[in-house]
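The block underneath contains the structure these notes are about, expressed in structure tokens.
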Amino acid sequence: MARAYDVQAVEQRWQQRWLAERDYEVDAGDPRPPWYALCMYPYPSGPAHQGHVRNYTFGDLLVRHRTMQGYAVLTPFGFDSFGLPAENAAIRTGEHPRSFTEARIAELKSSVRALGAVYDWRREVRSHDPSYIRQSQAIFLAFLRSGLAYRAQAPVNWCPGCQTVLANEQVLADGTCERSGDVVERRDLEQWFVRTTAYADELLDSLDDLDWPERVKTMQRNWIGRSEGAELRLAVAGRQEEGLVLRVFTTRPDTLFGMTYAVVAPEHPLVDELTTADHRDEVEALRRAASAASEIERTSDGGSLGLAKRGAFTGSHVVNPATGEPVPVYVADYVLMGYGTGAIMAVPAEDERDWAFAEAHGLPVVRTVQPPDDFAGGAFTGDGTKINSGFLNGLAVATAKERAMQWLVDRDIGSRRVNYRLRDWLVSRQRYWGCPIPVVRCPVDGVVGVPEDQLPVLAPDDVELLATGESPLRRHPTFGQATCPVCGGPAERETDTMDTFVDSSWYFLRFCDPWAEDRPFDPAVAAHFMPVEQYIGGIEHAILHLLYARFFTKALVDVGLAPGVPREPFRRLFTQGMIRMGGSKMSKSKGNLVAPAKYFDTVGADALRLFHLFVGPPTDDVDWTEQTDEVIEGCGRFLDRVWRFSVEAAGTVRWATGDPAPRDLAVARSTHRLVAKVSDDLERWSFNTAVAACMEFTNDVYRYLRDEVPPHRPTYEAAADTLLLVLAPMAPHVTAEAWERRRGEGARIHRERWPAFDPDLVRQDRVTMVVQVDGKVRDRIDVAPELTEDEATALALASTRVQDALGGSPPRRVVARPPRLVNFVS
RNA sequence: GCCCGGAUGGCGGAAUGGCAGACGCGGGGGCCUCAAAAGCCCCUGUCCGAAAGGGCGUGCGGGUUCGAGUCCCGCUCCGGGCACCA
């Protein structure tokens with residue numbers, strides 16, 4: 001495709017200038033108001049893919065637009081450079097993860113530059129840099145001191161493929177690993193945790209004030225899963241004198257009269273205590289089956305209700321405190337140890353899971369809520385009148401809940417309790433390419449943090465990375481040997497590393513002050529730039545990254561590392577759509593990548609950027625089809641027209657002499673309307689319509705310039721300048737070049753102020769008024785915008801088409817909405 | 001199963017309750033050219049009609065309104081999230 005200008009030469013020249021001229025380096029002392037724009041920290045997987053291009057196109061548009069509006073825009077870039085792929089590559093090829101990662105960083109960086117996106121590169125942060133590792137470790141130690149980080153034995157998710165434990169958040173709903181896809185196993189191991197649950201309420205409540213997509217907030221709320229209810233203590237029948245009680249959690253204390261049995265999880269500590277000799281074999285068999293079972297069998301499979309629920313009777317009974325009757329206690333794997341107390345009161349009539357279990361095991365059902373007449377049967381979980389429930393009879397569910405709760409509290413059987421689905425975050429990983437956890441274990445002093453002056457703890461380079469995935473640091477001959485900082489005796493060094501989500505949980509704070517050496521960042525500087533005004537990234541981070549980052553920010557303030565920093569890091573969040581091809585997500589693993597480099601080398605970065613802006617609303621997914629290349633070329637064609645109009649036209653046109661004519665004034669009005677429209681669209685993230693407005697304007701002024709009637713030169717110049725200015729954030733290279741050609745050597749369009757518009761000129765001087773009869777358009781009349789209702793009606797009635805449609809009789813009703821429309825009802 | 005989105009020409013999409021289909025892609029025609037490419041200009045929802053003009057039309061069925069792609073009720077299909085969390 002022959003182009004109007006030398007695309008590659010122009011784009012490369014400006015990319016070099018932007019690097020050299022450093023316009024986007026800002027500091028806390030900048031007199032302009034700060035504005036923090038941030039795209040999500042990428043994992044460096046090689047050259048940018050279309051998802052990156054889309055992300056950074058939006059980000060760069062924002063950076064350039066806000067800068068032109070007079071803000072000191074903080075626009076940092078960095079790399080989430082720890083992670084498994086580098087380790088896996090090392091196993092395959094023998095290349096060290098560091099050199100592998102740094103090569104991928106260089107590739108990504110170069111394609112980000114080829115896109116023409118501008119950053120303050122002085123602030124580049126990389127997770128695997130010793131300076132960053134040091135501060136991640138300092139933060140871990142601060143958490144350790146304040147009790148936010150702790151070590152505990154727990155049933156954990158073990159991925160046999162990755163040979164490491166995973167956070168709950170990294171296990172998919174079907175029980176497989178989000179990375180490798182292997183079926184995750186459950187193992188009892190001692191691991192490091194971070195106390196995210198301590199912030200459960202704040203993480204939930206402060207979502208309300210965030211300007212985030214509602215669905216992301218909903219996903220986080222569901223993930224935190226706060227539920228209010230009662231914890232009650234059930235006496236074990238015949239064991240009252242020992243004081244043996246079973247603690248259960250319920251959100252439905254009103255259904256107590258319907259409890260016909262109880263269930264404990266297979267891992268429940270009281271199972272042995274409760275199991276009588278004649279039931280031991282059965283219970284043991286069930287426990288073995290449950291512990292061998294993977295999450296996939298245990299949760300997801302059985303999750304579909306109606307599947308057989310495995311369980312075994314313990315031989316013990318607990319007393320239903322409402323009826324005084326003993327009910328059997330079962331062990332069943334549909335009750336999870338990790339939630340509530342690991343034991344439940346089972347009410348089959350009002351709980352579907354309990355119903356399924358009761359049916360399978362022939363247990364009785366007592367309804368305590370009257371189902372509606374047309375109810376099909378099974379568990380009824382809706383609202384209704386309480387029955388078979390003694391003092392609760394006749395009440396509605398909500399009232400009965402409260403009454404039952406009070407009854408339990410008064411008798412000291414139960415207490416109010418809030419439970420969360422959210423668990424503490426398991427942060428330790430048995431991997432090499434991650435941030436080492438900076439502690440040692442001393443036989444005398446126990447677990448001791450490495451003193452700050454000995455940080456960073458760096459993993460050795462000479463490690464063997466084996467296909468079995470066995471922890472390379474644990475196998476290392478010397479890394480594990482340490483000296484106890486307290487007693488000076490020999491100690492054992494921790495060989496686990498941190499989940500890479502730790503790195504991405506505070507990088508946005510480090511960006512504010514990446515030069516700090518004795519602390520993660522200067523809190524005053526962070527307080528100046530934070531919060532991130534606009535955060536841009538993929539919807540896939542709706543839960544994990546965003547929840548962890550929110551937690552970290554709050555925790556950093558509370559442990560004293562970030563005084564004055566806002567507790568919520570991201571004021572506005574934008575989640576872009578995915579790039580899809582043939583119905584599935586475009587990704588490296590699917591092998592359906594369409595590399596951006598191909599476009600950089602042909603139509604150019606500006607055309608590709610414009611395509612991403614133009615193709616549809618930024619939230620929507622993009623379908624990459626056979627037609628896509630043609631659309632991208634269309635964007636290139638449009639830029640050619642902009643070029644010809646703004647750079648080449650002036651030399652070939654014969655100008656009018658004298659004052660501007662009405663058609664010149666009309667173009668001047670369009671110019672002001674363009675500014676108004678694009679300004680508004682950019683604020684509303686309606687980029688596709690902003691591009692469309694520029695195209696429409698270009699078409700109009702092109703015709704104006706080529707008309708036989710000579711155009712008015714100042715009108716043309718203003719139109720050309722304005723078009724370039726509003727396009728400057730969207731297509732930075734071609735507009736920069738055209739501007740310099742128009743204004744002379746050294747002129748920089750991106751240093752100009754964003755254009756203003758005159759509201760008087762934006763208003764149309766003539767508008768088309770639609771005249772309808774019974775809602776059907778019968779005529780269109782050109783009117784002045786300020787005409788009155790009466791004038792509008794009179795004009796409309798004068799129309800012969802309208803009179804024909806009315807058939808001679810006067811309208812029964814007139815709806816006049818000047819200057820848009822008049823509607824006659826016949 | 002529950003909770004969110006979404007459905008508009010051949011395609012991507014546009015439209016504060018007031019001209020449905022802006023803009024672009026694709027398609028058609030014309031100009032330029034020896035010719036082609038590029039460029040420039042015009043047309044392009046659908047049906048009837050030679051035309052003027054008219055009928056129909058925003059997933060389906062109802063409703064509110066002078067007027068509904070837009071608001072309300074009930075569905076269908078597609079996409080996403082959650083899913084034994086008591």
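Residue numbers start from 1 in every chain, and the chains themselves are labelled A, B, ... in the order their sequence lines are given, proteins ahead of strands. Since this is a predicted model, take the numbers as computed values, not measurements.
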Is A:Arg644 touching bases, backbone alone, or none of the nucleic acid, heavy atoms closer than 4.0 Å? sugar-phosphate

What integer distance in Å separates A:Leu546:CG from B:G81:P? 15 Å

Roughly how many Å apart are B:U76 and B:G12, using the P atom of each and rounding to a whole number? 25 Å

RNA chain B base-pair string [pairs: Watson-Crick or G-U under 3.5 Å; |: paired with another strand]: (((((((..(((.....[....)))((((((.......))))))((((....))))..(((((..]....))))))))))))....

Please measure how far the C1' atom in B:A35 lies from the corresponding atom in B:C42, and state the result in whole Å. 23 Å

Remember a base hit wins even if backbone is also touched, and classify A:Lys217 as base, sugar-phosphate or nothing at under 4.0 Å, heavy atoms. nothing

Expected string for nucleotides 2-16 of chain B under the B/S/- scheme (protein heavy atoms, under 4.0 Å, primed atoms plus P, OP1, OP2 as sugar-phosphate) is --S-----BBBSS--

N/O donor-acceptor pair, side chain A:Arg706 with base B:C40, under 3.5 angstrom: no

Heavy-atom pair with the smallest gap, counting every atom of A:Ser389 and A:Thr368: OG-CB, 3.3 Å

Please walk me through it: do A:Asp621 and A:Arg54 pass salt bridge (Lys or Arg N to Asp or Glu O under 4.0 Å)? CA-CA 11 Å; A:Asp621 288 350; A:Arg54 196 164 171 75; over 6 Å; no

Contact residues, residues 690-699 of chain A to RNA chain B [heavy atom, < 4.0 Å]: A:Ala692, A:Met695, A:Glu696, A:Asn699

May I ask you to say whether A:Glu402 pairs ionically with A:Arg416, meaning some side-chain N is under 4.0 Å from a carboxylate O? yes

Output the rounded distance in Å from CZ (A:Arg580) to P (B:G79). 8 Å

Hey, can you tell me if A:Tyr334 and A:Phe357 have their rings parallel, tilted or perpendicular (30° and 60° cut-offs)? tilted

Within less than 4.0 Å of OP1 or OP2 of B:C40, is there a side-chain N or O belonging to A:Tyr702? yes

Any salt bridge linking A:Glu630 with A:Arg637? Criterion: basic side-chain nitrogen under 4.0 Å from a carboxylate oxygen. no

Enclosure of A:Arg654 CZ (heavy-atom neighbours >12, cutoff 6.0 Å): no

Heavy-atom nearest nucleotide on RNA chain B taken for A:Ile539 and for A:Gly342; more 5' hit belongs to A:Ile539

What integer distance in Å separates A:Lys776:NZ from B:G53:P? 17 Å

In whole angstrom, give me the gap between the P atoms of B:U8 and B:G59. 6 Å

Length of the line joining A:Glu350:CD and B:C84:P, which is rounded to integer Å: 22 Å

Measure the distance from CG on A:Leu422 to C1' on B:C82 and round it to the nearest whole Å. 15 Å

Between B:A22 and B:U46, how many Å separate the two P atoms, rounded to a whole number? 13 Å

A:Trp685 and A:Phe687 aromatic centres sub-6.0 Å: yes

Can you measure A:Arg766 atom CZ to B:C19 atom P for me and round it to whole angstrom units? 19 Å

List the atom of A:Ala262, the atom of A:Val318, and the distance in Å for their closest heavy-atom pair. CB-CG2, 4.0 Å

When we call it a touch if two heavy atoms are under 4.0 Å apart, what does A:Arg417 touch: a base, just sugar-phosphate, or nothing? nothing

Using the C1' atom as the reference point in each nucleotide, state the distance between B:G29 and B:A68 in Å, no decimals. 37 Å

Please report the distance separating the P of B:C72 from the corresponding atom of B:G10, rounded so that it comes out in whole Å. 29 Å

More than 12 heavy atoms of other residues, nucleotides or ligands under 6.0 Å from CZ of A:Arg247: yes or no? no

Expressed in whole Å, how much space separates the P atoms belonging to B:G54 and B:C4? 45 Å

C1'-based separation of B:G17 from B:C66 [nearest Å]: 12 Å

Is there a side-chain contact between A:Arg778 and the phosphate of B:G54, meaning an N or O under 4.0 Å from OP1 or OP2? yes

Quick one: A:Asp681 CG to B:A22 P, roughly how many Å, whole number? 17 Å

Just the rounded figure in Å: distance from P of B:A22 to CG of A:Asp700. 14 Å

SB check A:Arg3 A:Asp6 (cutoff 4.0 Å): no

Under 6.0 Å between the ring centres of A:Phe645 and A:Tyr716? yes

More than 12 heavy atoms from other groups under 6.0 Å of CZ on A:Arg215: no

Chi-based syn or anti call at B:G9, which uses purine or pyrimidine torsion atoms and a 90° bound: syn

So, is A:Arg703 near the phosphate of B:C40, with a side-chain N or O under 4.0 Å from OP1 or OP2? no

Please tell me if A:Arg637 has a side-chain N or O lying less than 4.0 Å from either OP1 or OP2 of B:G24. no

A:Leu234 and A:Pro321: which non-hydrogen atoms are nearest, and at how many Å? CD2-CD, 3.7 Å

N/O to N/O distances under 3.5 Å, protein versus nucleotides 61-71 of chain B:
from, atom 1, to, atom 2, distance (Å)
B:C66, OP1, A:Arg813, NH1, 2.9
B:C66, O2', A:Asn823, ND2, 3.4
B:C66, O2, A:Asn823, ND2, 2.7

Sorted by first residue and then second, give each salt bridge (Lys or Arg N to Asp or Glu O under 4.0 Å) pair with at least one member in residues 768-788 of chain A; sequence neighbours left out. A:Arg766-A:Asp782

By the 4.0 Å heavy-atom rule, please label A:Arg641 as base, sugar-phosphate, or nothing. sugar-phosphate

Centroid separation under 6.0 Å, is that true for the rings of A:Phe611 and A:Trp624? yes

List for me each residue that meets salt bridge (charged side-chain N to carboxylate O under 4.0 Å, His left out) alongside A:Arg801, sequence neighbours excluded, and say none if there are none. none

